[in-house]
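Data block below; observations after.
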Amino acid sequence: MTDENKQTNFIREIIDNDLESGKHAKIITRFPPEPNGYLHIGHAKSICLNFGIAKDYDGICNLRFDDTNPIKEEDEYVNSIIEDVKWLGFDWEDRLYYASDYFDQLYEWAIQLIKNGNAFVCDLTADEINEYRGTPTKPGNESPNRNRTVEENLELFDKMKNGEFPNGAKVLRAKIDMASPNMNMRDPVVYRILHATHHRTGSKWCIYPMYDWAHGLEDSLENITHSLCTLEFEDHRPLYDWFIDQLDGVYHPRQIEFARLNLNYTVMSKRKLLELVEGGLVNGWDDPRMPTISGLRRRGYTPASIREFADRVGVAKREATSDIALLEHCLREDLNKRAHRRMAVLEPLKVIITNYPKDQTEEFEAVNNPENENDGKRMIPFSREIYIEKSDFMEDPPKKFFRLGIGREVRLKHAYYITCNEAIKNENGEIVELHCSYDPATKGGWSDDGRKVKGTLHWVSVEHAVQAEVRLYDNLFSKENPYEVEDGKDWKDNLNSESLIVNKNCYIEPSLANSNSEDNFQFLRLGYFTTDKDSTKDKPVFNRAVSLRDRKK
RNA sequence: UGGGGGAUCGUCUAAUGGCAGGACAUCAGACUCUGACUCUGAGUAUUGGGGUUCGAAUCCCUAUUCCCCAGCCA
């Protein structure tokens, strides 16, 4: 059943067994985000896991919003999540569900729980419940209301539902065991009073179910076979199971926990990311430095690269921090196959080809993608004055420098061989212009006489180039582990001050002027770039998603 | 000093009592109209200590160490 070249993991093994034993005939999973923030790469791991398993096992995966807390949840987040999951390439067909769709059923079951003597209405305040709960090493005390009659509980719960009590006045609690070593089992809250407007049910309800009560039952209603969640819910599993077991004839899914994704040089919690956004430390949720799906997307990451990354990091129970270099590798791997090559100069240095006729223009043919002939060719204009990269010239270069120097010959990609004769400097001694000569016999960038040239440079024609803004990105944090701080310092002090470099004086080849937002390109020798949403015809803007591997010494 | 889970190359991840393997990263080389890609090669790991066994990453004992749990958040 499992694809052979796909990495297996302990969850897939469980599924294999369940299929083999006949426990399940069809696998059903779900991705259950709370719409209280934007999705990040950590969620992508979960999305790829759940949807990936459904796909590989010929099952289905639902998208379900776990919207049980109206205070934190908003439609804006619902929309962004839908968009992100879709963009990642997954399809839930008509199975878009909301926990709030089940509020009536959940309420009915709560009544059943009360009738069975397994729940009671508690008058304790939040603080009192806290005190009564005890500590991990000391058992808690039972609520004075724990032994109310079923009738009284039913009546009180009905009044809670009818809005007869203010927020916090009462809660419905499960009656389990105040001495349990598992804190989650110490009479957990099932319903709380919240006079709040819910993004979908409006003011219909003023009591809302808690996660532990709701989640397993949501899974049950959807016939989820394997409910996958992260490690911190391991302690909740006994409660997940307990709730379902109290109800008659309710299907019992299996919760399985796996380790969440961590990435070095970034932070991954919604709260921390929100702090960065609200503190203006980044430019919104889709800032290309953010590990959010929308940030990665704007940065120039492709859905395929993120899916591949999710596959490669694997799934296990051990807590781990993956190397962001693997993510970058997956992007390069994807884009190397697909991205069209273009030429752009980030830090221009003017070159005058002194023996090239003034007012002459030629066009050279260039392949769009050497990895795929079908991607065709384009024409690139060439003239007497061109820009090359400042860093491609050294006045006094070391031997291993394969680029331009006085008296050295290099190839201009697709064009000619040129030799540098002179470097012109300004009064500060800075090189402002190069005078070179070209060899007409090397037209197209090739010589028949077998002479070899050490380096090949990218370039653009001064006359034809389009000025553009290019944004270069680096890790958001300068420390592998941003939380590693000296005394008195904060994780935000580890923000990388050079994570964004804006270069407005770049020149791009003319064919690039008409690109669309999120088009991916390889700028020759520089990296993979994408057109930013800020880009206009007059002022093109590109983001560098990732540089090319650079093995020069 | 409660409960629940972990610990394998630098990083992630395999192994299900039988040769510790793969990927990324790193280094070295080949190739190259991108110092890219591709190819070849190299080094690097079972947390410690005991035990069972012909044989242990795997089973047992013990120690160490890390993570999670005291929201009317999810």
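Every chain is numbered from 1 and lettered A, B, ... according to where its sequence line falls, protein lines coming before strand lines. Keep in mind that this is a model prediction, so the values were computed, not measured.
Counting only Watson-Crick or G-U wobble pairs whose defining distances are both under 3.5 Å, the stems of 3 or more consecutive pairs in RNA chain B are B:2-7 with B:64-69, B:10-13 with B:21-24, B:26-30 with B:38-42, B:47-51 with B:59-63.
Shown here is A:Arg260, whose CZ atom has no more than 12 heavy atoms of other residues, nucleotides or ligands within 6.0 Å.
For A:Arg192, a side-chain nitrogen or oxygen approaches OP1 or OP2 of B:C73 to under 4.0 Å. Taking 4.0 angstrom as the limit, A:His458 places none of its side-chain polar atoms (N or O) nearer than this to OP1 or OP2 of B:U34. The shortest distance between the side-chain N/O atoms of A:Thr137 and the OP1/OP2 oxygens of B:G3 is not below 4.0 Å. Contact check, A:Arg551 against B:A36: a side-chain N or O comes under 4.0 Å of OP1 or OP2. OP1 or OP2 of B:G71 has at least one side-chain nitrogen or oxygen of A:Asn130 nearer than 4.0 Å. A close approach under 4.0 Å does occur between a side-chain nitrogen or oxygen of A:Arg318 and OP1 or OP2 of B:U8.
Map A:Val171 and A:Ser322 each onto its nearest nucleotide of RNA chain B; the residue landing nearer the 5' end is A:Ser322.
Checked options A:Tyr416, A:Tyr438, A:Phe523, A:Phe382; the residue passing with A:Trp459 is A:Phe382 (criterion: ring-ring contact (aromatic ring centres under 6.0 Å, His included)). Of the candidates A:Tyr211, A:Phe258, A:Tyr240, A:Tyr211 is the only one forming a ring-ring contact (aromatic ring centres under 6.0 Å, His included) with A:Phe233.
A:Arg146 is not listed as a side-chain neighbour of A:Tyr132, based on a closest heavy-atom distance of 4.5 Å or more. Between A:Leu194 and A:Pro70 the shortest side-chain heavy-atom distance falls below 4.5 Å.
Straight-line distance between the C1' atoms of B:A63 and B:U38: roughly 50 Å, to the nearest whole Å. Distance noted for atom P between B:A23 and B:U40: 10 Å (whole Å).
In this structure, the nucleotide among B:A36, B:A74, B:G35 sitting nearest to the side chain of A:Arg403 is B:G35. Proximity note for A:Ala126 (side chain, C-beta onward) versus B:C24, B:C72, B:A74: the nearest is B:C72. Among B:A36, B:A23, B:A74, the nucleotide with an atom closest to any side-chain atom of A:Leu326 is B:A23. Residue A:Pro370 has its side chain nearest to B:U34 when only B:A74, B:U13, B:U34 are considered.
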